[in-house]
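All values derive from a computational prediction rather than experimental measurement. Throughout, a chain's letter reflects where its sequence line sits, starting with A, and its residues are numbered from 1.
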Amino acid sequence: MNIKISFPDGSEREFPKDISSYDVAMSISPGLARNVVAAKVNDKLIDLNAPIKEDASIELYKFDSEIGQEIYWHSTAHLMAQAVQEIYPDVKVTIGPAIENGFYYDFDKEIPFTDADLVKIEAKMKELSKQKLEYKREEISREDAIKKFADMGETYKVELLEEIPEGEVISLYSQGNFVDLCRGPHLPNTGMIKSIKLLKTSGAYWRGDEKNKMLQRIYGISFPSNKELNKYLAMLEEAKKRDHRKLGKELDIYSISDDIGAGLVLWHPNGGLMRSVIEDYWKKRHFEDGYSIVNTPHIGKKELWITSGHLEFYEDVMYNPIMVDDQEYYLKPMNCPFHIGIYQASKKSYRDLPIKMAEMGTVYRYEKSGAMHGLMRVRGFTQDDAHIICTPEQLDDEIMDVLRFSISILKAFRFKELEIYLSTMPEKAVGEKEDWDKATSALEKALKAENIDYKVDEGGGAFYGPKIDIKIKDALNRSWQCSTIQFDFNLPERFEMEYIGADNKPHRPFMVHRALLGSLERFFGTLIEYHAGNFPLWLCPVQVEVIPISEHYEKYAKDVNVKLKAAGIRSEVDLQNEKIGYKIRGAEMRKIPFMFIVGAKEQENGTVSVRRHGVGDLGSKEINEIIVEIKQENDEKK
RNA sequence: GCUGGGAUAGCUCAGUCGGUAGAGCAACUGAUUCGUAAUCAGUAGGUCGGAGGUUCGAAUCCUCUUUCCAGCACCA
């Protein structure tokens, strides 16, 4: 008997009943069959060797697809678990999924894995791969499965089994002597896993809960060929060079000193200059967009933080109080209560709204020791914070405006790949459901109106309101939250904020928190990594290095420098008693965008020889001409 | 905070079995006056993160502590 199978391109062919996806691939070409790792039949992922029983649509996936990779890595995780149990029979297995880049598997093992263990496990995996063990699927009743795993002493699997909902198919996958509870699908056999690298070990809590036991996790990655693995490893090496902690030191941007305190940043002159350039731009844009700039203190009375709710919710991450005249004061973890104080300094009418207040406010939060990370997670940082206080009617427009504004500013820093999230109501939340819906839909409407691709983080909102977050990835592909637009149902209520409406009655305003760059510290971290230290010209601490060929041309070099400075260009002259190769190398390593080399020819003709960082010699140009070019690039923020 | 691994000159790193520390770059001095990513020579620079302990003797072994790295947890 034959069945009809249709392909993604719309074509249709007949095959014998019970044919496997692998054989379908084989019928197309042996090359495809060699490379295919997964199949979706009637929109359901199944094993390649599973029989197709009826007319169906089919999609075949190779390793180069996301689905293909996921299955490939998931199967590798099983292979690793098998290898681990062969070497350490007492180890209990837990879970081991594929992740964005590779896979991990968590084991319950008393003695943590060492690097030497990884080498052994990797070797064992390669050995098992060569045996081309088949991944066999078996469906089984819950009782049988529980008994089986209980007999093996696999208590974690029993716990998982007990929680699988009634009526769901329970499947086991085995290869060789290794059996795992798993939904599948998997590769046909271990021989398809060619190139394996175990990358790191670490502790990880069972089920991600710190109250549970800490398990031992191994991360790894695998590829169909060594070439792809080596490419991936080379990419990781490259990424390390972009690390902001390394570049921050090399470019003399900031430092963090043990003597001063963990998580407290010292901004060096280069970082300070960039910060001030950013702040100037930030202020200019905010004034243009109708914000007021305010300034508020770093500490406030305990009562204030009780009213705001911060002490109730965040006391464990706030610094201990300071005693002042027998009163307790706390370092501010947020600026909002102070901005509300400004709002409440006088009676507000609906005619005053919206009120938009912005501040570069430095806040302090006690981050747990293991959480700190370069500039990304620190204990003292400056938020480019703003609060928008408006009437309910103004909400949609204000959200739209702030979203547009945020993205427009991020563009000046040339970020292109942004991840945008809409985070909705969490379980523990204040405020009415209808208000949450209204606010969430305002956020969603704005995202849609701006044609922005976003993901929904279900239940990921703050307890006081839904939010839009913009995240930027670092060199190692880790995401960091920068911009955030957060609705707040909590503070207007707690502080009993009001305005007098057209009806001459008091009303409660809506409030939106918003940080654009987020924390300046974190923003710098992402900025450094994103550009690998090659900042857009307008941000560079030194834009032009004037390099005289020898002492004889110092006078001319200084004249050029004066002209550049007069034009508002940040420049300096390299007066070291060195050859120009040496000076150029220095300027290149500092990633200074322009080098002007001047010698006899240039002095005679009133020109400079222009060299661009990372590009090379651009030939000689009239001074005035190149000044115009540089100013233009600077103003366009290219 | 948790698990594991680190901390040696300003930076990057070496230091074997426990015998009181070494290189390159940077800095400083001198020579050189140079055409697009390192001119040569010399000088100086260290309580080996900190505190205890073991030992005749500790950078090295042990304990505690600070801090960094990777991951987990957390991230208003």
Side-chain angles (χ1 to χ4, degrees), chain A residues 104 106 109 111-115 117 199-219 240 243 245-246 249-250 252 255-263 308-310 312-314 316-318 332-336 363 365-374 376-378 383 385 460-465 467 469 476 478 480-481 484 486 488 490-491 513 515 518-519 522 547-554 577-590 595-602 609-620:
Chain A
Y104 67 79
D106 288 346
K109 181 174 185 286
I111 304 159
F113 294 106
T114 62
D115 286 350
D117 291 336
L199 297 164
K200 56 199 171 199
T201 59
S202 82
Y205 301 105
W206 167 237
R207 309 202 134 181
D209 188 336
E210 64 182 329
K211 291 186 199 79
N212 291 340
K213 182 166 188 187
M214 183 160 266
L215 307 169
Q216 299 304 322
R217 175 173 296 182
I218 302 177
Y219 286 91
K240 277 192 203 149
D243 191 314
R245 292 165 298 187
K246 184 172 152 67
K249 195 184 284 173
E250 284 170 7
D252 201 10
S255 63
I256 293 173
S257 152
D258 291 5
D259 300 334
I260 288 161
S308 71
H310 286 104
E312 185 186 335
F313 285 94
Y314 302 115
D316 56 331
V317 279
M318 284 171 69
K332 65 175 170 183
M334 283 186 91
N335 303 298
C336 350
V363 299
R365 297 179 185 176
Y366 174 74
E367 296 284 0
K368 288 187 197 160
S369 58
M372 280 178 298
H373 183 97
M376 301 296 200
R377 275 291 277 282
V378 288
Q383 287 183 315
D385 207 358
F463 75 88
Y464 49 74
K467 56 179 184 168
D469 288 332
L476 289 174
R478 296 173 289 211
W480 298 94
Q481 179 189 306
T484 184
Q486 312 185 337
D488 193 329
N490 188 44
L491 290 180
H513 307 250
S519 117
R522 176 176 294 181
I547 302 176
I549 297 264
S550 78
E551 254 170 20
H552 303 130
Y553 313 106
E554 278 184 7
N577 177 11
E578 293 289 351
K579 306 216 283 201
I580 59 155
Y582 181 90
K583 296 192 208 176
I584 284 171
R585 181 163 186 272
E588 288 282 358
M589 289 201 304
R590 288 167 66 198
M595 287 147 273
F596 287 180
I597 288 97
V598 295
K601 273 184 294 184
E602 288 77 15
S609 172
V610 180
R611 183 185 165 99
R612 185 87 204 226
H613 167 64
V615 179
D617 193 353
L618 300 179
S620 70

With a 4.5 Å cut-off on side-chain heavy atoms, are [Y] and [X] touching?
{"X": "R590(A)", "Y": "H613(A)", "result": "no"}
{"X": "I597(A)", "Y": "I549(A)", "result": "yes"}
{"X": "R612(A)", "Y": "M595(A)", "result": "no"}

* To do: Establish, yes or no, whether the cationic atom of K368(A) lies under 6.0 Å from the six-membered ring centre of Y366(A) and within 45° of the ring axis.
  => no
* Would you name the heavy atoms of C336(A) and L491(A) that are closest together and state the gap between them? => CB-CD1, 3.6 Å
* Asked: When every nucleotide of nucleotides 69-76 of chain B is labelled 5' to 3' by its protein contacts under 4.0 Å (heavy atoms), B for base, S for sugar-phosphate only, - for none, what sequence of letters results?
  -> SSBBBBBB
* To do: Sugar-phosphate atoms are those with a prime plus P, OP1 and OP2; base atoms are the rest. Using that split, label each nucleotide of nucleotides 34-49 of chain B B, S or - for protein heavy atoms under 4.0 Å, 5' to 3'.
  => BBBBBB----------
* When the distance from CD of Q216(A) to C1' of G4(B) is rounded to whole Å, what number comes out? -> 8 Å
* **Separation of A26(B) C1' from R590(A) CZ (nearest whole Å)** => 14 Å
* Aromatic plane relationship, Y314(A) with F463(A) - under 30° parallel, 30 to 60° tilted, over 60° perpendicular -> tilted
* To do: Measure from the side-chain N and O atoms of Q486(A) to the backbone N and O of G465(A), and report whether any donor-acceptor pair falls under 3.5 Å.
  => no
* Are R217(A) and Y219(A) close enough that a side-chain donor and a side-chain acceptor fall under 3.5 Å? -> yes
Kindly give the atom pairs (protein nitrogen or oxygen, nucleotide nitrogen or oxygen) under 3.5 Å for nucleotides 5-13 of chain B.
unit_1 : atom_1 : unit_2  : atom_2 : d
U12(B) : OP1    : K249(A) : NZ     : 3.1

* Asked: Taking NZ, NE, NH1 and NH2 as the nitrogens, is one of them in R611(A) or D617(A) under 4.0 Å from a carboxylate oxygen of the other?
  -> no
* Asked: Can you name the residues that form a salt bridge (charged side-chain N to carboxylate O under 4.0 Å, His left out) with E602(A), not counting sequence neighbours?
  -> none
* Under the salt bridge (charged side-chain N to carboxylate O under 4.0 Å, His left out) rule, collect the residues that match up with K246(A), sequence neighbours excluded. => E250(A)
What are the atom names and distances for every N/O pair under 3.5 Å that joins the protein to nucleotides 50-52 of chain B?
none

